[in-house]
Amino acid sequence: MTDWADPDTLDLSDGETFDRLLDRADTREKGHFFEFFAEGDKLVHDPGLRLTHHGSEQWMGQTLNHDPAYWRADTAQERGFEERPVHPDYLLACVMGITVEDLSEKGGYFLGRDDVEFYQPATAGTPLSVTSTVVDTRTSSSRPKYGIVTWETEGRNRETGERLVSYQRTNMIPRREPAATDGGAVGEQDESDPTLPDTLVTPEGEHFEDFQRALDTAREENAAVAYRHERGRTMDDQLVAGLPLATLNTARQHHNRDEMADSPSGDIVAYGDVTRSIALAHARSDEATYREHRFADERFHDFVTLGDTVYGFTRVLDCDPDAGPSRAGAVTFEHVAFNQEQTPVYSGRRTALIQRDT
Ligand SMILES: C/C(=C\C(=O)O)C(=O)SCCNC(=O)CCNC(=O)[C@H](O)C(C)(C)COP(=O)(O)OP(=O)(O)OC[C@H]1O[C@@H](n2cnc3c(N)ncnc32)[C@H](O)[C@@H]1OP(=O)(O)O
């Protein structure tokens, strides 16, 4: 009998032999199909990520997040942090990154996120412990090859058990077997023309009072407080593949062009958290941020691929002077990331504490 464990019995450098062998080999799978998930299931994510200043600075630099409180100890202290924290966008991306292997590595896209809540600043050196619970699974009526899964995820400090951040996230997840659905309309549009405000008001400055004054003016004039940010960032390999891999995000969507060639996007796409962080950085560059607080109703509308440029647009929804410490008030924004064709790719509501003028 042939000893197939003998290295000399098969020449794997011979293209034809290798090709025939590969066709017969099973693939040891990574990730889970839609059918794996059932409401109420709990998953403990294992990858051993530890937050670092290097990772945070790399994230911030590449996404244009330049708030000095996350770069310098003296400003961090002035802003009331005990120790210079890592950036909350980096924290969020890391917490989500290490869930990908268990939740979404099989493919499918990040559709949206809700109820993002930060409990305390996270510092460099913190090892993460992340768990998720399946809160909903449903078939997609328009895309029979996919199901839609929502998870509740919580990131904690592995050493102290302290909760750092939690959120609900929804992805399209490929089905092992396509569903028998009507395969109905994909991305149907509402054709009716929306009504727009008469004018758009831009705040005069970057402090809480500027946003509040702009909102007061808008109320009198049938106007909205809404403006765009000048900066743009073209998506290169570092952003599309490099940053997600640095957060241990193993989604093939970001780094496997071969697999993605035959997918709805036809190519690798940017990690949603990178796209959003860039648009938020554009917005933060036009405000005196004191603290990030919470995010809601985040949605990823369209693909961002290599070479696309991400811009930011902001609408101010509400100002609450009583919600913060004396030096800041809470502002609720709606932020939109859009590409060079002015197509929205991300939108989300954000409440942040903004420093007062005085
Ligand atoms: C992988 C990863 C991270 C990770 O590993 O995790 C990432 O970072 S990846 C990059 C970021 N991401 C994207 O690049 C996606 C951008 N996006 C799109 O390109 C389009 O969205 C689409 C092509 C995916 C779909 O396009 P589309 O088919 O035209 O879209 P829709 O018809 O709107 O949605 C289809 C069905 O999803 C339901 N649906 C939509 N949104 C939500 C939501 N928020 N909550 C609950 N259900 C939702 C909808 O209700 C419909 O359900 P039905 O099929 O049952 O009608």
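Keep in mind that the numbers below use all heavy atoms, side chains included, and drop hydrogens, waters and symmetry copies. Whatever order the structure lists them in is the order used to number ligands and atoms, beginning at 1. These numbers were taken from a predicted model, which means no experiment stands behind them. The first residue of the sequence shown is numbered 1, and numbering continues consecutively from there.
Counting heavy atoms of neighbouring residues, nucleotides and ligands inside a 6.0 Å radius, atom OH of Y119 exceeds 12 of them.
For atom 26 (O) of ligand 1, the nearest non-hydrogen atom from the set R143, M172, E101 belongs to R143. In the candidate list L111, T99, L103, L111 is nearest to atom 39 (N) of ligand 1, counting heavy atoms.
Polar contact with ligand 1: present for F300 (N/O pair, distance under 3.5 Å). An N or O contact shorter than 3.5 Å links G272 to ligand 1 by distance. Residue N249 has no nitrogen or oxygen atom sitting less than 3.5 Å from a nitrogen or oxygen atom of ligand 1, judged on distance alone.
In this structure, D11 and S13 approach most closely via the heavy-atom pair OD1-OG, 2.6 Å.
Contacts between A270 and ligand 1 below 4.0 angstrom, taking non-hydrogen atoms only, involve the backbone exclusively. Residue-level proximity to ligand 1 for I148 is carried by the side chain, the only part with a heavy atom below 4.0 angstrom. Of the heavy atoms in S141, both backbone and side-chain atoms come closer than 4.0 Å to ligand 1. In R138, the part holding a heavy atom less than 4.0 Å from any atom of ligand 1 is the side chain.
Each of F300, Y146, Y271, F303 was checked for a ring pair (Phe, Tyr, Trp, His ring centres under 6.0 Å) with Y109, and the lone residue meeting it is F303.
In terms of modelled atom types and a separation under 3.5 Å, the side chain of T343 and the main chain of N339 share no donor-acceptor contact. Judged by distance alone, with hydrogens and angles left aside, the side-chain atoms of R350 form no donor-acceptor pair with the main-chain N or O of E292 at under 3.5 Å. E334 places no side-chain N or O within 3.5 Å of a backbone atom of V316 that could act as its donor or acceptor partner.
Interface of R169 with ligand 1, defined as ligand atoms under 4.0 Å from a residue heavy atom, comprises 4 (C), 5 (O), 6 (O). The distance from ligand 1 to the heavy atoms of V100 drops below 4.0 Å at these ligand atoms: 5 (O). Contact atoms of ligand 1 toward Y271: 8 (O) (distance under 4.0 Å to a heavy atom of the residue). Against a heavy-atom cut-off of under 4.0 Å, Y109 is close to the following atoms of ligand 1: 15 (C).
Taking the centre of each ring, F211 and F333 come in below the 6.0 Å mark.
Residue pairs meeting the side chain to side chain donor-acceptor pair (under 3.5 Å) criterion with at least one partner in residues 85-96, sequence neighbours excluded, are D89-S277, D89-R284. Sorted by first and then second residue, the side chain to side chain donor-acceptor pair (under 3.5 Å) pairs with a member in residues 91-104 read H45-D102, T99-R169, S104-R169; sequence neighbours excluded.
A heavy-atom separation below 4.0 Å is not found between E298 and ligand 1. The closest approach between any non-hydrogen atom of E105 and ligand 1 is not below 4.0 Å.
Aromatic ring pairs are classed by plane angle as parallel below 30°, tilted from 30° to 60° and perpendicular above 60°; the pair H229 and Y227 is perpendicular.
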